[in-house]
2 protein chains.
Amino acid sequence: MNLKELAELLKLSQATVSRALNGYPEVREATRQRVLEAAQKYNYRPNTRAMGLATGKAMTIGHIIPTYSQNDVVNPVFGEFIAGASQTYSANGYELLLTVTQTSDENQTYRNLAAKGAVDGVIIHSPRKDDSRVQLLQDIGLPFVIHGRVNDTTLPYSWIDTNNRRAFNQATRLLIDLGHQRIALINGPVSLNYAWLRQQGYEQAMQAAGLPLDSAIMIGDELTETHGYRSANQLLNSEDPPSAFLVSSYVVALGVRRAIAHAGLSMGKDVSVIIHDDELSYFQNNDPEPQFTATRSSVRQAGVLAARMLLDIIDDPSCAPLTELLEAQLTIGASTGPLLPSARIKH
Amino acid sequence: MNLKELAELLKLSQATVSRALNGYPEVREATRQRVLEAAQKYNYRPNTRAMGLATGKAMTIGHIIPTYSQNDVVNPVFGEFIAGASQTYSANGYELLLTVTQTSDENQTYRNLAAKGAVDGVIIHSPRKDDSRVQLLQDIGLPFVIHGRVNDTTLPYSWIDTNNRRAFNQATRLLIDLGHQRIALINGPVSLNYAWLRQQGYEQAMQAAGLPLDSAIMIGDELTETHGYRSANQLLNSEDPPSAFLVSSYVVALGVRRAIAHAGLSMGKDVSVIIHDDELSYFQNNDPEPQFTATRSSVRQAGVLAARMLLDIIDDPSCAPLTELLEAQLTIGASTGPLLPSARIKH
DNA sequence: GTGAAAGCGCTAACAA
DNA sequence: TTGTTAGCGCTTTCAC
């Protein structure tokens with residue numbers, strides 16, 4: 001069923017039917033009712049492409065997920081983030097176009113998307129510390145919001161991010177308070193800005209406590225179990241093994257735990273582990289009630305907000321960049337042995 | 001830059017330029033070269049919507065992710081699956097439209113997508129044991145492939161799935177071989193078919209060994225850490241606690257481990273745990289070399305294949321349903337104490 | 001308050 | 001081999 005057929009059926013012009021459907025005021029109320037009913041009855045939906053052609057708007061937002069290596073792993077939080085964004089989109093009549101792209105040809109990806117007129121704006125994922133996409137998108141004139149931030153740029157842009165630096169600063173302080181001096185940081189790839197910020201938070205806490213920084217115990221790589229195992233294994237077998245691990249992502253932590261078990265050490269006794277994960281985290285301690293909070297919902301909320309921001313920008317492209325820094329809620333999962341309730345990090 | 005402008009620039013008709021670009025044979029080679037160069041130079045990309053309108057094809061595939069509760073969790077494997085599918089799509093000039101929908105209005109979602117002409121076909125995720133979507137999509141006439149299978153239907157349809165029943169049958173057998181008699185199954189929601197199949201595999205292995213089935217130790221719920229903790233905690237504190245856990249997904253396993261620690265038990269000694277996870281898994285034992293295989297790549301591969309199948313169906317709608325059953329590769333992660341190398345499950 | 005007609009950017013008959 | 005023309009389904013002036 002298309003407009004023409006619907007109009008013929010109603011013995012009205014396409015124009016009137018269109019106006020009635022789109023809420024234009026000049027349509028007589030009785031007519032509108034008639035149109036609405038018929039549309040309902042015949043399950044009429046305006047054709048997206050035709051509408052887009054006529055209005056010049058795609059009513060579509062692109063989400064672009066870069067993969068940095070051939071078999072790169074997709075960040076598990078994407079699912080939640082996108083679920084949140086999707087909610088905002090459908091509430092506003094937008095659709096979500098997902099593109100997975102290799103870093104090598106990512107510039108082309110953005111250019112194509114803009115040139116094809118496939119999207120009205122994009123959300124950028126996994127920003128690097130120094131990311132040329134900010135410049136590129138501003139050149140193209142495609143509205144965008146970054147999920148995360150870029151470090152090495154002076155250009156203004158819109159973003160939403162969790163406070164990674166603060167979260168890691170606090171987690172490091174917690175381990176220091178527990179008496180640890182040699183704390184390993186098992187991180188994501190430091191070329192990605194979130195990992196860089198996490199490292200900064202760690203470094204600041206260490207320095208503030210007068211503890212030395214040792215690049216040998218700060219290891220960044222893809223968020224895989226293998227990374228966790230290899231890194232922890234290597235460190236535990238080194239001359240001067242750490243007494244604690246601060247780990248990005250519970251997937252990596254699975255590997256760290258395995259290495260600890262493999263070394264015959266007892267977690268929470270011989271060695272402490274703190275996990276930060278955007279998606280899932282909990283306190284592991286001896287409370288009778290589980291101290292658990294999933295932060296999945298906050299990642300989803302970030303998606304909702306990011307989408308909202310982007311739609312606002314599209315509405316008013318001249319508006320100043322929008323930014324949003326979310327404090328991580330209870331995102332520290334710990335297996336530290338003598339973890340005291342008072343030491344718990346609330347955000 | 002659009003077709004019209006490009007054609008004027010080249011002093012050719014739009015038709016000729018279009019033909020040159022689309023590889024029609026009747027264009028003179030010299031002309032084609034001229035067109036191709038100009039297109040390249042001006043970074044011309046045909047407008048997707050206009051093309052779609054003219055051809056009647058959307059060149060877009062929809063992926064629909066149902067959420068069953070308000071704050072349902074998005075299955076972490078979606079990311080990998082979609083990354084794989086995306087690869088197939090871009091190689092064939094298709095785009096990926098992602099929709100997250102509530103189960104309550106999911107029928108409308110599919111109807112809308114079809115009526116709006118937004119997609120040429122869809123991939124269905126998270127099929128239920130008895131899923132009306134098969135019937136619905138066949139009624140609508142929208143080509144589709146299911147990621148997973150539906151149990152209670154006689155209708156033919158196309159699907160790709162991992163062999164969940166077999167994986168859980170083997171995992172259960174492994175635990176039985178290790179001497180366990182009371183094995184708890186901490187599963188996903190049994191209304192979802194994958195969980196149902198996993199349960200079947202478990203039940204068959206138990207029955208084949210002459211062991212009783214006890215519905216009190218088969219608990220299905222959302223794949224969250226909380227589910228794992230609560231279920232395991234309850235079972236460990238019951239009159240007749242299990243000596244082993246077979247767990248769907250490592251996220252759930254995190255909770256199970258926590259409950260075990262909380263009960264003062266030692267994992268792999270007092271109690272055994274086997275984890276099955278489509279996305280990530282490994283053997284945890286005492287081998288010097290980590291026995292680890294990530295199956296993320298196989299989920300991604302499933303995405304590649306599913307997309308390929310769907311495009312084939314769209315090409316030839318009259319073809320017979322395509323199906324693909326993937327054997328899980330080393331998808332059992334174990335923490336079983338006396339796990340012998342010979343007991344390892346290869347697929 | 002409603003209709004006729006032009007046009008969004010492209011493809012595909014049909015002509016030449 | 002190339003050009004002309006008529007749509008694809010919708011919105012939006014401009015008349016009435």
Side-chain angles (χ1 to χ4, degrees), chain A residues 1-39 42-60 93-95 112-120, chain B residues 1-36 38-39 42-60 93-95 111-120:
Chain A
M1 170 68 63
N2 60 24
L3 228 211
K4 195 176 167 196
E5 293 166 352
L6 190 63
E8 280 167 2
L9 226 104
L10 287 162
K11 303 209 187 305
L12 284 170
S13 72
Q14 295 185 34
T16 303
V17 177
S18 169
R19 279 187 286 241
L21 256 22
N22 292 313
Y24 282 61
E26 65 262 40
V27 180
R28 184 154 41 110
E29 208 40 50
T31 313
R32 188 192 305 285
Q33 282 312 322
R34 231 163 41 92
V35 172
L36 254 32
E37 272 166 33
Y42 296 103
N43 196 42
Y44 166 78
R45 306 282 150 189
N47 182 297
T48 325
R49 294 188 302 278
M51 218 164 139
L53 243 200
T55 58
K57 305 196 60 187
M59 295 307 281
T60 301
Y94 278 81
E95 318 222 276
N112 282 356
L113 234 39
K116 287 194 296 192
V119 298
D120 299 319
Chain B
M1 169 68 63
N2 61 24
L3 226 212
K4 193 175 167 197
E5 292 165 352
L6 190 64
E8 279 166 4
L9 226 103
L10 287 162
K11 303 209 187 307
L12 284 171
S13 73
Q14 295 186 33
T16 303
V17 176
S18 170
R19 279 187 285 242
L21 257 21
N22 291 316
Y24 281 59
E26 65 262 39
V27 180
R28 184 153 41 111
E29 207 41 51
T31 313
R32 188 193 305 282
Q33 282 312 320
R34 240 173 23 104
V35 172
L36 255 33
Y42 297 103
N43 195 42
Y44 166 78
R45 306 281 150 188
N47 181 298
T48 325
R49 294 188 300 279
M51 221 163 134
L53 245 201
T55 58
K57 305 197 59 186
M59 295 306 281
T60 301
Y94 278 80
E95 318 221 279
R111 288 220 141 81
N112 281 356
L113 236 38
K116 288 195 295 193
V119 298
D120 299 318

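In what follows, chains carry the letters A, B, and so on, assigned in the order in which the sequence lines appear, proteins first and then strands, with residues in each chain numbered from 1.
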Counting only side-chain nitrogens and oxygens, does [X] get under 4.0 Å of the OP1 or OP2 atom of [N]?
{"X": "B:S13", "N": "D:dT2", "answer": "no"}
{"X": "A:N47", "N": "D:dC8", "answer": "no"}
{"X": "A:T55", "N": "D:dT11", "answer": "no"}

(Q) Can you confirm whether B:V35 sits close enough to B:L10 that some side-chain heavy atom of one is under 4.5 Å from a side-chain heavy atom of the other? (A)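 Yes, close enough: below the 4.5 Å cut-off.
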Q: Just do the side chain to side chain contact (heavy atoms under 4.5 Å, CB included) check on A:K57 and A:Y94 with the steps written out, would you?
A: CA-CA 10 Å; A:K57 305 196 60 187; A:Y94 278 81; 3.4 Å; yes
[X] side-chain proximity, nearest of [options]:
{"X": "B:R28", "options": "C:dC14, C:dG9, D:dT1", "result": "D:dT1"}
{"X": "B:L3", "options": "C:dT2, C:dC10, C:dA12", "result": "C:dC10"}
{"X": "A:N2", "options": "D:dC10, D:dT4, C:dC10", "result": "D:dC10"}
{"X": "B:A15", "options": "D:dG3, C:dG3, C:dT11", "result": "D:dG3"}
{"X": "B:A50", "options": "D:dC14, D:dG3, C:dC10", "result": "C:dC10"}

**Q.** Closest-nucleotide ordering on DNA chain D, the 5'-leading residue of B:R32 and B:L53
**A.**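 Closest to the 5' end, via its nearest nucleotide, is B:R32.
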Q | Donor-acceptor pair under 3.5 Å, B:R19 side chain vs D:dG3 base | A |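 Yes, the side chain and the base share a sub-3.5 Å donor-acceptor pair.
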